[in-house]
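Take a look at the structure set out below.
Side-chain atoms are counted along with the backbone in the values below, which use heavy atoms only and exclude waters and symmetry mates. Every chain is numbered from 1 and lettered A, B, ... according to where its sequence line falls, protein lines coming before strand lines. All values reported here derive from a predicted model rather than from experimental measurement.
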2 protein chains.
Amino acid sequence: MDSPTPTEALLSAPPFEAGDFAPLDECERGVIEMFVSAADVLGFPRSLGELYGLAYISPQPIHLAEVCERLQMSKGSASQGLRTLRDLGALKPVYIAGDRRDFFQPEIKIRVLVGRLLAERLRPHLDRSSGALGALQNEADSAVSPQVKKFRQERIEMLGAWQKRISTFLPLLQRILR
Amino acid sequence: MDSPTPTEALLSAPPFEAGDFAPLDECERGVIEMFVSAADVLGFPRSLGELYGLAYISPQPIHLAEVCERLQMSKGSASQGLRTLRDLGALKPVYIAGDRRDFFQPEIKIRVLVGRLLAERLRPHLDRSSGALGALQNEADSAVSPQVKKFRQERIEMLGAWQKRISTFLPLLQRILR
DNA sequence: GCCCGTGTTCAAAAAGGATTGAACTTTCCG
DNA sequence: CGGAAAGTTCAATCCTTTTTGAACACGGGC
């Protein structure tokens with residue numbers, strides 16, 4: 001597989017082994033780039049942005065072999081990435097009769113995407129810290145001086161207020177993103 | 001500075017060189033831990049969480065030497081971290097007459113904090129991608145088949161709608177967080 | 001001028017994540 | 001029962017970010 005005809009070498013420009021899937025065109029690359037950038041903003045690895053981006057701009061459901069070749073990504077990375085996105089609810093499995101491969105379509109309802117994201121990211125943090133807050137209140141009581149004690153109580157109380165605010169804001173956000 | 005009396009050695013437990021500032025107590029550690037966790041959620045380095053957390057729970061403005069010793073952080077890290085947080089608007093410089101050191105207090109208005117964060121993180125991405133969207137529309141026009149062309153136009157249009165939605169949502173968020 | 005306190009810079013080291021690739025499992029089909 | 005196709009797993013590797021530490025700048029005060 002290392003001896004393409006001169007014509008092939010010129011036409012199928014990309015210098016990697018030939019395969020069954022077309023290389024990305026300009027438009028696909030552009031869309032994927034935007035999702036990579038978005039993934040970056042959200043602190044997700046680049047590969048997740050690529051995977052979702054490809055799914056988003058693909059008229060047909062995508063599958064492992066396709067993304068490996070078109071995104072030039074290892075099978076391991078693609079497999080894990082697809083699973084992560086499925087667990088996140090960003091990619092939905094699509095059953096195709098008579099085909100053993102696992103196909104995926106993107107979830108495109110922004111409300112669902114954001115909801116899952118918040119549940120996955122923010123919830124755990126909120127839960128952890130709201131649990132810790134009570135203990136902190138007690139710690140503050142054993143402060144060195146009365147002034148410091150009062151200051152700490154205020155600050156910790158404010159922390160609680162922030163959390164409550166955020167907690168009440170999340171459902172509201174869900175409703176807004178309809 | 002390496003020969004404390006036996007009593008000192010036992011009382012000032014922590015096994016690092018003695019200094020001018022008290023080690024963190026339980027309460028301070030707990031609060032800082034929460035901000036470290038929050039920094040993690042937001043994708044900021046741990047040290048930024050520590051710095052802001054210490055500032056938040058400190059009745060007095062903090063300064064470089066103090067954070068180095070109390071957080072066991074190198075001068076370089078602390079210096080850069082303080083600057084980053086100042087640039088982000090999360091820490092405010094405090095001038096103290098007759099003292100050459102740079103003191104900082106935390107910004108505690110959540111509206112300001114969130115505003116700066118969005119401006120810093122989301123804006124650049126939104127600007128970049130809204131610029132790219134136009135070009136993508138054109139790319140889509142040169143699609144292979146009419147079906148694909150239509151599909152791509154729809155998807156890219158939806159991308160634009162998402163962005164617009166987010167853009168209009170940000171000012172609203174600002175008003176909600178009052 | 002010289003020294004000391006304060007803070008910055010930046011090359012190098014360390015740490016932490018992401019990616020790879022090869023071995024492995026499972027399932028289907030002949 | 002093979003064997004091929006599809007997917008998973010995970011230790012090793014790679015890469016990016018963070019942190020360190022030492023050298024450097026700056027600014028008074030003596």
Side-chain angles (χ1 to χ4, degrees), chain A residues 1 16-17 19-21 32 35-37 39-55 61-88 91 93-104 120-121, chain B residues 1 16-17 19-21 32 35-37 39-55 61-88 91 93-104 120-121:
Chain A
M1 68 166 61
F16 34 75
E17 62 276 42
D20 305 328
F21 304 98
I32 290 170
F35 281 102
V36 166
S37 167
D40 195 50
V41 170
L42 295 173
F44 285 115
R46 167 184 199 78
S47 62
L48 293 194
E50 294 178 319
L51 288 170
Y52 184 86
L54 179 58
I62 62 173
H63 60 95
L64 188 64
E66 179 184 359
V67 304
C68 285
E69 185 173 322
R70 303 196 74 199
L71 297 174
Q72 288 294 296
M73 181 182 296
S74 72
K75 221 168 40 143
S77 219
S79 173
Q80 288 181 179
L82 289 174
R83 174 145 56 125
T84 300
L85 288 173
R86 171 163 50 69
D87 292 348
L88 246 172
L91 289 184
V94 175
Y95 173 69
I96 294 186
D99 199 323
R100 269 210 287 137
R101 292 169 295 183
D102 296 342
F103 291 90
F104 296 95
E120 191 79 13
R121 278 268 191 96
Chain B
M1 71 163 59
F16 34 75
E17 61 276 44
D20 306 329
F21 304 97
I32 289 170
F35 281 102
V36 167
S37 165
D40 194 49
V41 170
L42 295 173
F44 286 114
R46 165 184 202 77
S47 62
L48 293 194
E50 295 178 320
L51 288 171
Y52 184 87
L54 179 58
I62 63 174
H63 60 95
L64 187 65
E66 179 184 359
V67 302
C68 285
E69 187 172 321
R70 302 197 73 200
L71 296 174
Q72 289 295 294
M73 181 183 295
S74 72
K75 220 166 45 140
S77 219
S79 174
Q80 288 181 180
L82 289 173
R83 174 145 57 122
T84 300
L85 288 172
R86 171 163 50 69
D87 292 347
L88 246 173
L91 289 184
V94 175
Y95 172 69
I96 294 184
D99 198 321
R100 268 205 293 133
R101 292 170 294 183
D102 295 344
F103 291 90
F104 295 96
E120 191 79 12
R121 277 268 191 95

Considering only heavy atoms from C-beta outward, does the side chain of Ser79(B) approach that of Leu64(B) to under 4.5 Å? yes
Ile62(A) CD1 to dA6(D) P, straight-line distance once rounded to whole Å: 15 Å
Scan residues 72-82 of chain A for pairs that pass salt bridge (charged side-chain N to carboxylate O under 4.0 Å, His left out), counting only residues two or more places apart or in two chains. none
Rounded to whole Å, the CG-P distance (Asp40(A) to dT16(D)) equals 12 Å
Met73(A) CE - dC14(D) C1' separation (whole Å): 16 Å
Just how far is it from atom CG of Leu82(A) to atom CE of Met73(A), taken to the nearest 0.5 Å? 8.0 Å
Taking for each residue the nucleotide of DNA chain D bearing the nearest heavy atom, is the 5' side occupied by Ser47(B) or by Ala65(A)? Ala65(A)
Can you tell me the distance, in whole Å, between the CG atom of Leu64(A) and the C1' atom of dT9(D)? 13 Å
Which residues pass the ring-ring contact (aromatic ring centres under 6.0 Å, His included) test with Phe103(A), sequence neighbours left out? His63(A)
Nearest whole Å is fine: how far is dT8(D) P from Asp87(A) CG? 10 Å
Partners of Ser37(B) by side-chain contact (heavy atoms from CB on, under 4.5 Å), sequence neighbours excluded? His125(A), Arg128(A)
CZ of Phe35(A) to CG of Leu48(A): how many Å apart, nearest 0.5 Å? 13.0 Å
d(CD, Glu66(A); P, dA5(D)) in whole Å: 18 Å
Using whole Å, report how far CZ of Phe104(A) lies from C1' of dA6(D). 12 Å
Nearest-nucleotide comparison on DNA chain C, the residue closer to the 5′ end among Arg86(B) and Pro45(A): Arg86(B)
Terminal contacting nucleotides, 5' and 3', DNA chain C versus chain A (heavy atom, 4.0 Å): dA18(C) to dC28(C)
Taking side chain as C-beta onward, heavy atoms only, is Leu91(A) less than 4.5 Å from Thr84(A)? no
Just so I know, are the side chains of Val94(A) and Phe104(A) near enough to count as touching, which here means a heavy-atom distance under 4.5 Å? no
Expected string for nucleotides 21-30 of chain D under the B/S/- scheme (protein heavy atoms, under 4.0 Å, primed atoms plus P, OP1, OP2 as sugar-phosphate) is B-----B---
Where at least one partner belongs to residues 41-53 of chain B, residue pairs that pass side chain to side chain donor-acceptor pair (under 3.5 Å), sequence neighbours excluded: none
